[in-house]
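Taking it in order: structure first as structure tokens, then the write-up.
Every chain is numbered from 1, with letters handed out A, B, ... down the list of sequences. These numbers were taken from a predicted model, which means no experiment stands behind them. Atom set for the values below is all heavy atoms of this structure, side chains included, hydrogens, waters and symmetry mates excluded.
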Amino acid sequence: MLLTVGDVHATYGRFDVLRGISVGVAAGEIVAVLGPNGAGKSTLLKAIAGFLPPRQGSIRLSDEEIAGLRPSALLRKGVVYVMQRSSVFPKLTILENLEMGAYIRPSSPEVKADIDRVLGLFPQLAGRRHQRAEGLSGGERRMLEIGRALLLHPKVLLLDEPTMGLAPLVADLIFEKILELRAAGTTVLMVEQNARLALEVSDRAYVLEQGQVRVEGRGQELLTSDAVRRAYLGGAAPR
Amino acid sequence: MTLEIALQSVVSGLMFGGVIGLVAVGVSLIWGIMDLINFAYGEYLMWSMYLTFFLWAGLGIEPILTVPITAVVLFGAGVLTYRSVIRPVLRGPIFAQILSTFGLLVLLRYTAWLLFRPDDRQAQSALATSVVVLGGLRVSGGELVAFAGSLVATTALFAFLAYTKTGKALRALAQDREAALALGIEPDRLYALAWGLSTAAAGVAGALVSSFMYVNPLVGDVFLLPAFAAVALGGFGNVYGAVAGGLVIGVVNVTGGTLTMPKVKLALVYLVFVGVLFMRPKGLWGR
């Protein structure tokens, strides 16, 4: 496993949000984390990304313990996090936002080449690189956030609800991009509300409930599992 | 009261307004990046004026030439203040933050009072008595240099914020701290830098006005109160608006005082301040 979360407990104020959670992601996989509101999906990503150090348990990247490291240290190891809410810098231009994505890298021709490569990946952004990010649509902001994350050459990309609030066609486009990233060798762990779509693109998935893993399995299996459909996807499996 | 006197006072107001603009940018920088009001800001300027005075009195250095010295010393003072006073209270309640800079004001002001007594002091410079005639209007050489110097310092700071990687990171941090953190932009070092830059601006302003203004332990108020009004006018935390606000406030301050009574000029500044907040709580150019 590239990323191994073992028996992690984490607390928000007085609330135990993660209660002994164990999740694994192999290199090159897309793994989805599903579950109802309050199940601890976002908290799991925050714990891995260094925003909420676990109270107990281990988080390993390959064989190295990374639990409790600061976000900046995790970035240098290749753990990159795109948060749920919009996190573009609105008053910076698209290009400046991308430059901030490469903040921890020393300025170099390689960084410039990487920025051009990301702009090539998202043509919608390329033509507007000198415009402020505040003028972007929700889908374009997501693309910018993912593009910014790619500048750090993530080993593991943590995406918290990448399609939240997006129109279905735009959500499809984001998922296409995620598949492209995987094809290019990026490992993805993502939280999704849109379970049906998430299961279609992911290799494996975990369903959380009350801070623990309830069900895990291959995406396609879960998609046709009666129990999962009833609880999280609404309605029974098609016959 | 002739038109010429009024025009003369407008020019003089713009000169003072340029300095207020620089001071307002210094206040606005910390406000914009850290959501923190530095009530002690005028005291840094006052200490810079004392530094200039003693460099002149002790070593005979022309006041205007002390700019690089006061900038560097005040930069260091700002970093030191951040590390020793501000960083510990950042995680505390908002009242702790407000009281910490208010406490600094009291400490810096009355340390100066204790050491220098509340006497007026002024460096003597040929610049103060020189007069430049611009389109029929007379401008004091000292004020003109202070205006030009403030504009240069402000422009340099803006260029730093706009074009350097560190400047962009400071703006990113101001806009979204958590998002910045997720990209490895560590706030601590940048906050220290912001404090250094902010107080360095006070250092520059202090040296620039020293050739034509008295220094005493209370002189900070002459700058800080109009600067707050300029910040409000420019939109809270908007460093570019702060400069425009500074020019407007400078004219209100000087021209208003000339047209009515000098004693009410700060009251006029506050009338504008309250009026703006009443009509546009986010500031005239606020977003």
Side-chain angles (χ1 to χ4, degrees), chain A residues 45-46 48-52 69-108 111-112 115 130 132-134 141 144-154 157-160, chain B residues 25 28-35 87 90-93 157-194 231 234-244 282-287:
Chain A
L45 291 201
K46 279 185 187 158
I48 300 170
F51 278 82
L52 182 73
L69 290 183
R70 288 186 59 74
S72 56
L74 289 164
L75 291 176
R76 289 187 170 82
K77 296 189 185 299
V79 180
V80 180
Y81 167 56
V82 177
M83 59 186 70
Q84 184 176 345
R85 63 174 177 83
S86 172
S87 63
V88 299
F89 302 114
K91 308 287 181 199
L92 298 191
T93 66
I94 289 165
L95 192 60
E96 286 171 335
N97 265 281
L98 291 172
E99 286 168 19
M100 288 300 103
Y103 178 77
I104 61 166
R105 296 172 61 185
S107 301
S108 68
V111 170
K112 284 190 99 113
I115 289 176
H130 296 297
R132 284 181 172 186
E134 63 192 345
R141 284 173 188 232
L144 181 53
E145 285 156 10
I146 293 172
R148 214 166 54 175
L150 293 182
L151 291 168
L152 294 162
H153 297 300
L157 185 58
L158 306 170
L159 299 175
D160 196 349
Chain B
V25 166
S28 196
L29 188 67
I30 293 301
W31 196 330
I33 292 173
M34 304 179 68
D35 289 324
R87 184 163 55 185
L90 275 184
R91 292 208 184 108
L157 185 58
F158 285 177
F160 172 77
L161 289 174
Y163 301 118
T164 69
K165 187 175 170 183
T166 307
K168 289 170 192 173
L170 274 171
R171 287 189 288 143
L173 186 62
Q175 290 166 35
D176 193 333
R177 185 179 184 277
E178 199 187 17
L181 206 54
L183 296 175
I185 300 173
E186 288 281 355
D188 188 56
R189 207 178 57 89
L190 290 174
Y191 284 162
L193 175 69
V231 169
F236 296 96
N238 175 355
V239 288
Y240 307 106
V243 177
K282 283 184 162 179
L284 216 48
W285 293 287
R287 283 165 285 212

Under the side-chain contact (heavy atoms from CB on, under 4.5 Å) rule, collect the residues that match up with B:A174, sequence neighbours excluded.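 Residues passing side-chain contact (heavy atoms from CB on, under 4.5 Å) with B:A174: B:I33.
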Select one option (side chain, backbone, both, neither) describing which atoms of [X] are under 4.5 Å from chain B's heavy atoms.
{"X": "A:S86", "result": "backbone"}
{"X": "A:A102", "result": "backbone"}
{"X": "A:M100", "result": "both"}

Mind ranking A:E145, A:R85, A:E99 by heavy-atom pairs under 4.5 Å with chain B and telling me who comes out on top?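 Looking at each option in turn, the highest pair count goes to A:R85.
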Taking A:G101, A:P90, A:A149 one by one, which has the highest count of heavy-atom pairs under 4.5 Å against chain B?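 Going by pairs under 4.5 Å, I would pick A:P90.
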Distance from [X] atom [atom1] to [Y] atom [atom2], nearest 0.5 Å?
{"X": "B:M34", "Y": "B:L29", "atom1": "CE", "atom2": "CG", "answer": "10.0 Å"}
{"X": "A:L45", "Y": "A:D160", "atom1": "CG", "atom2": "CG", "answer": "5.0 Å"}
{"X": "B:L183", "Y": "A:I104", "atom1": "CG", "atom2": "CD1", "answer": "9.0 Å"}

So which residues of residues 161-168 of chain B are in contact with chain A at a heavy-atom cut-off of under 4.5 Å?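 Residues B:A162, B:K165, B:K168 are the ones that qualify, each having a heavy atom under 4.5 Å from chain A.
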With B:E186 via salt bridge (charged side-chain N to carboxylate O under 4.0 Å, His left out) - residues at least two apart: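 Salt bridge (charged side-chain N to carboxylate O under 4.0 Å, His left out) list for B:E186, sorted by chain: A:R70.
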Heavy-atom pair with the smallest gap, counting every atom of [X] and [Y]:
{"X": "B:G184", "Y": "A:S72", "value": "CA-CB, 3.9 Å"}
{"X": "A:L144", "Y": "A:A133", "value": "CD2-CB, 4.0 Å"}
{"X": "A:A73", "Y": "A:L69", "value": "CB-CB, 4.3 Å"}

Say whether, by atom type as modelled, one donor and one acceptor occur between the side chain of B:D176 and the main chain of A:F89 under 3.5 angstrom.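 No; judged by distance alone, with no hydrogens or angles, the pair does not exist.
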Distance-only, no hydrogens or angles: does the A:R105 side chain make a donor-acceptor pair with backbone N or O of A:L151 under 3.5 Å?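 The answer is yes, because a donor-acceptor pair under 3.5 Å joins these two groups.
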Are A:S87 and B:E178 packed together at the side-chain level, in the sense that at least one heavy-atom pair is separated by less than 4.5 angstrom?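 A:S87 does not reach B:E178 side chain to side chain.
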Residues from residues 75-82 of chain A approaching chain B under 4.5 Å (heavy atoms):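 Within residues 75-82 of chain A, the residues that come under 4.5 Å of chain B (heavy atoms only) are A:L75, A:Y81.
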For the CZ atom on B:R189, are there more than 12 heavy atoms of other groups (residues, nucleotides or ligands in this structure) within a distance under 6.0 Å?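 Not more than 12 within 6.0 Å, no.
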